[in-house]
Asks: 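First the structure, which I've put down as structure tokens, then a few questions once you've had a look.
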Amino acid sequence: MNELHLSRRIYTKDKLDSLFEVQETPKESLLTRLRKQCFCSKRRMWKFFTSIFPIIKIVKGYKKDYILGDLIAGLTVSFMHLPQGLAFSVLAGLPAVFGLYTTFFPLLFYTFFGTSPYVAFATNAVIALIVQKIVLSEAVLFKSTLPDPASNTTLFINMSDINNNSLNLVISEYDIIANKASTAMAASLLVGIILTTLGLLRLGFLLTYMSESFIGGFTTAAGIHIVSSQVPKMFGIEVSAHTGAGKLVKMYIELFSNLEKTVVSDVVITVICIAVILVVKVCVNDRFKKRMKIPIPIDLIVVVVSTLISHFAKFEENLGVDVIGDIPSGFRPPAVPSLDIAPRILVDCFVMAILTLMLTISLAKLTAKTHNQRINDNQEMVAYGLTNILSSFFSCFPQSATPSRTMLDSDLGAETTLNSIPTIVFMLLVVLWIGQLFHSLPMSVLAAMITVAMKNLILQFGDLPKIWRINKLDFFIWIISCFVSVLVNLDYGIIAGIAFSITSVVIQHQVSSGILIGQAGNENVFLDFEKRKNVRDHESIKIFRFQAPLYFANAGQFKSQINRKVIDPMKLKKISKNKTDAMEMGNGQSNENSKLSENIENGIDSKKLVQSTIHYIILDCQMISHIDLSGISMLSQVIKEYKSVEIEIFLTNCSSAFLDTLTSAGVFENFPSESVFYGISDALHFIQKSKESERAEA
């Protein structure tokens, strides 16, 4: 058996401080620190420009060996960008062409500002769903301001060859689309401003308030919302745009009440497309992933084939199938987004900014870890922000990374962010010429694609048994985040999930337990006395460990735990007083008094009699990372109460921050610093030596 023998001195706090003095760090004034930072050099200028435009460093260090990997990754991912761009634009409540814009421009700008070669920064289903919410809300508000087409007054130009009411109807529809586009552009600008601000201020720590269980529950609910938004398209039924709390329930009520209007052709197309896409993705791409250099672009194949069949079979005229319609060729002229609606959409934009940060950073870190690379979190946040800001001027809605396209880039071995150039060229061709060929693409095909894309999000329900086994509070965070988001709305789900996540931290600290520690044989190893076998206790000594920070929320819990696990000094004092009173009464030679004395003595719990022989308590503070005024007050009270029954307390394994706080609070004015030891072994050795000295004197 391997053995380890250690030899060192016994350390108290004072002895440790005298031998190893704390180094005083000279404090500089704010003005001095600013002066040190305010200088200019070639190296500093290079670092500044390359931090804003990482592409400079990438181009400078680009090697010929990178070309093949970047080319294959870029072209392959292009085949996913096209169908998903069309689908997620429709999901966002916008014409399909906006999905092409929101693929081309974000990829272009992220190439200049981004640092991760794998992040595919373009359309995202979860973000598109929130865009749909604000776009539809603003469209409803806009419609209410339009004049009645049947009235004689009109805001539009009269044309002799077109009926006045028809002209009103056509131009009103155009204005509604323009309003939706304007809303989406404003949202992209606001999301970009928020992300850029967070990056410049180094506020990425906000993500720490989003636990994995919250993210899992929320994204699952988002997946349910996304699939539900496509169900009417699968059935070919037009439903009203529902907003606010309970919109999903309202939508299904309306859908089920109109099932007689189902277009059977749409249902058949949907079922066939879902089956084909699932079979290829699950049974071919996933199963033979390691053997295939490039996965089968089944999404693109389904889009092309279904468009051709729909066009030549005239699905729209013969079967009443809803198709995607005209896709204008070319780009819309740049425009400055209007921020008049900012007060109404600011909250949703903040939610989208946090979700973009959460989803994209997690993917960037995951892929970087896979390839043993590093990313700059704050630079990435700025890159996401600047990409959204610049894209907003070109008719784009808010963007984020998409897991499927990002992971595909990683699997294909993209070398640099320049792998997006083939994708950008491909999307440019689509926008200028190819896009208009998809006029006959059935909407039910896009609905099927979106539904299959949500497969992994919906399957997160399978994680619940594992989460339940690991941590019950995490399970309830997941459930609350998911079901509030589904039954009420996504924004309420975010509030409920984060609120319960923070509350769970308080709950865990409030129910935190203290444990008794014992020594493993004669070794310098200390384990849980109640759970471990072959762990011995020490005569007249108890070692107690409190397993949480000590602050206002659990200060009372700390006292009750140590009183219950070790001994309650107030009860011990009361028992001792009652016994003394009974003994005095027994001296009167009265039979009743003698019986009373005997009953009181017999009534004392044998366990308490054993506990009353405790003379020392060693408080292991290694898990008390923080202590506040309430904690200090409670600790001082506990020390005082045990001292009143002649039980001495020693502190061990104290962190520097813990000791500094006690010193600042003046605790060591009443509690001797000689009772603070480096470790449990130091305190035990001191107690044993004290006992030997007492026996020698006796």
Side-chain angles (χ1 to χ4, degrees), residues 81 84-110 121-143 145 173-196 222 225-226 229 241 243 324-325 327-328 330-356 359 384-402 427 431 435 446 450 490-491:
H81 274 299
Q84 291 192 4
L86 295 172
F88 294 158
S89 182
V90 173
L91 175 61
L94 296 164
V97 70
F98 287 88
L100 303 180
Y101 302 152
T102 311
T103 301
F104 175 81
F105 287 106
L107 286 174
L108 176 63
F109 294 132
Y110 183 79
F121 201 80
T123 55
N124 177 280
V126 177
I127 301 300
L129 183 66
I130 302 177
V131 173
Q132 180 198 65
K133 173 196 169 187
I134 61 176
V135 161
L136 293 181
S137 298
E138 289 300 315
V140 170
L141 186 62
F142 176 72
K143 284 180 182 179
T145 64
E173 186 64 28
Y174 172 82
D175 283 353
I176 290 171
I177 293 174
N179 174 263
K180 288 182 177 181
S182 176
T183 301
M185 292 165 64
S188 180
L189 179 60
L190 288 174
V191 168
I193 292 172
I194 294 169
L195 284 170
T196 304
H225 272 273
I226 291 167
S229 69
T243 58
I324 200 169
I327 299 179
F331 294 97
R332 298 181 68 186
V336 178
S338 173
L339 293 181
D340 293 340
I341 61 171
R344 297 196 294 271
I345 67 172
L346 187 59
V347 174
D348 289 309
C349 289
F350 184 79
V351 170
M352 283 190 285
I354 296 299
L355 288 176
T356 297
L359 296 171
Y384 308 152
L386 292 176
T387 300
N388 270 280
I389 290 173
L390 294 175
S391 298
S392 68
F393 294 93
F394 298 93
S395 303
C396 296
F397 55 88
Q399 319 97 44
S400 179
T402 300
M427 293 306 301
V431 173
L446 295 180
I450 292 172
L490 289 174
D491 46 2

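Values below: every heavy atom of this structure, side chains too, minus hydrogens, waters and symmetry copies.
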Asks: Over all heavy atoms of both residues, which pair between Leu359 and Ser400 is shortest? Give the atoms and the distance, please.
Replies: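 Minimum heavy-atom separation between Leu359 and Ser400: CB-OG, 4.2 Å.
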
Asks: Which pair of heavy atoms, one from Ser89 and one from Pro95, lies closest together, and at what distance?
Replies: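 Nearest heavy atoms, Ser89 then Pro95: OG-O, 2.6 Å.
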
Asks: Report the distance from atom OG1 of Thr196 to atom CD1 of Ile389, rounding to the nearest 0.5 Å.
Replies: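 It comes to 3.5 Å.
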
Asks: So how far is it from Leu190 CG to Leu195 CG, rounded to the nearest 0.5 Å?
Replies: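 These two atoms lie 11.0 Å from each other.
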
Asks: For residues Gln399 and Ser188, is any side-chain donor paired with an opposing acceptor at under 3.5 Å?
Replies: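 Indeed, the side chains of Gln399 and Ser188 share at least one donor-acceptor pair under 3.5 Å.
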
Asks: Is Cys396 close to Met185 at the side-chain level, that is, under 4.5 Å between some pair of heavy atoms?
Replies: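 No. Closest side-chain heavy atoms not under 4.5 Å.
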
Asks: Would you confirm whether Asn179, through its side chain, and Asp175, through its main-chain N or O, come within 3.5 Å as a donor-acceptor pair?
Replies: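 Checking the backbone N and O of Asp175 against the side chain of Asn179, no donor-acceptor pair under 3.5 Å is found.
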
Asks: Looking at side-chain heavy atoms only, is the closest gap between Pro398 and Val131 below 4.5 Å?
Replies: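 They are in contact (side-chain heavy atoms under 4.5 Å apart), so the answer is yes.
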
Asks: If we only count heavy atoms from C-beta on, is the Ile127 to Leu355 side-chain gap below 4.5 Å?
Replies: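 Result yes, sub-4.5 Å side-chain heavy-atom pair found.
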
Asks: Salt bridge between Arg344 and Glu138, side-chain N to carboxylate O under 4.0 Å?
Replies: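 Yes, charged N to carboxylate O under 4.0 Å.
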
Asks: If you round to the nearest 0.5 Å, how far is NE2 of His225 from CG of Leu490?
Replies: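 Reported to 0.5 Å precision, the distance equals 4.0 Å.
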
Asks: Can you tell me if Thr103 uses its side chain to pair, donor with acceptor, with the backbone of Gly99 under 3.5 Å?
Replies: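 Yes, because the side chain of Thr103 sits within donor-acceptor range (under 3.5 Å) of the backbone of Gly99.
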
Asks: So which heavy atom on Val126 is nearest to which on Asn124, and how close?
Replies: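 Closest approach of Val126 to Asn124, heavy atoms only: N-OD1, 2.9 Å.
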
Asks: Below 30° counts as parallel, above 60° as perpendicular, anything between as tilted: where do the rings of Phe394 and Phe109 land?
Replies: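 Ring orientation, 0 to 90° scale: tilted.
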
Asks: Just wondering, do Phe121 and Thr387 contact through their side chains at under 4.5 Å, heavy atoms?
Replies: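 Heavy-atom side-chain distance check passes, below 4.5 Å.
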
Asks: Quick one: are Ile134 and Met352 in side-chain contact, heavy atoms under 4.5 Å?
Replies: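 Yes. Closest side-chain heavy atoms under 4.5 Å.
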
Asks: Taking all heavy atoms of Ile341 and all of Ala186, pick out the closest pair and write down the distance.
Replies: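 Distance-wise, the nearest heavy atoms are CD1-CB, 4.1 Å.
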
Asks: Output the distance between atom CG (Asp348) and atom OG (Ser137), rounded to the nearest 0.5 Å.
Replies: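 If I round to the nearest 0.5 Å, the distance is 7.5 Å.
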
Asks: Search all heavy atoms of Ser229 against all heavy atoms of Gln132 and return the closest pair with its distance.
Replies: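 For Ser229 and Gln132, the tightest heavy-atom pair comes out as CB-NE2, 4.2 Å.
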
Asks: Give a yes or no on whether the backbone of Asn388 and the side-chain of Ser391 come within a donor-acceptor separation of less than 3.5 Å.
Replies: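 Side chain of Ser391 to backbone of Asn388: no pair is present.
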
Asks: Between Gly435 and Ile327, which heavy-atom pair has the shortest distance, and what is it?
Replies: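 Closest heavy-atom pair between Gly435 and Ile327: O-CD1, 3.3 Å.
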
Asks: Could you walk me through whether Ile176 and Phe142 satisfy the side chain to side chain contact (heavy atoms under 4.5 Å, CB included) test, starting with their C-alpha distance in whole Å, then the side-chain angles of each, then the deciding distance to 0.1 Å, before giving a yes or no?
Replies: CA-CA 7 Å; Ile176 290 171; Phe142 176 72; 4.1 Å; yes

Asks: Phe397 and Val135: side chain to side chain contact (heavy atoms under 4.5 Å, CB included), yes or no, with the steps?
Replies: CA-CA 10 Å; Phe397 55 88; Val135 161; over 6 Å; no

Asks: Going from CD1 on Ile194 to CG on Leu346, what distance comes out if it is rounded to the nearest 0.5 angstrom?
Replies: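 Spacing of CD1 (Ile194) from CG (Leu346) equals 5.5 Å.
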
Asks: Below 4.5 Å, heavy atoms only, C-beta onward: do Asp491 and Lys133 meet side chain to side chain?
Replies: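 A side-chain contact under 4.5 Å exists here.
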
Asks: Parallel, tilted or perpendicular: which one describes the rings of Tyr101 and Phe98, with boundaries at 30° and 60°?
Replies: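 Perpendicular.
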
Asks: Counting only heavy atoms not in Phe331, do more than 12 fall under 6.0 Å of its CZ?
Replies: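 Buried by this count: over 12 neighbours within 6.0 Å.
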
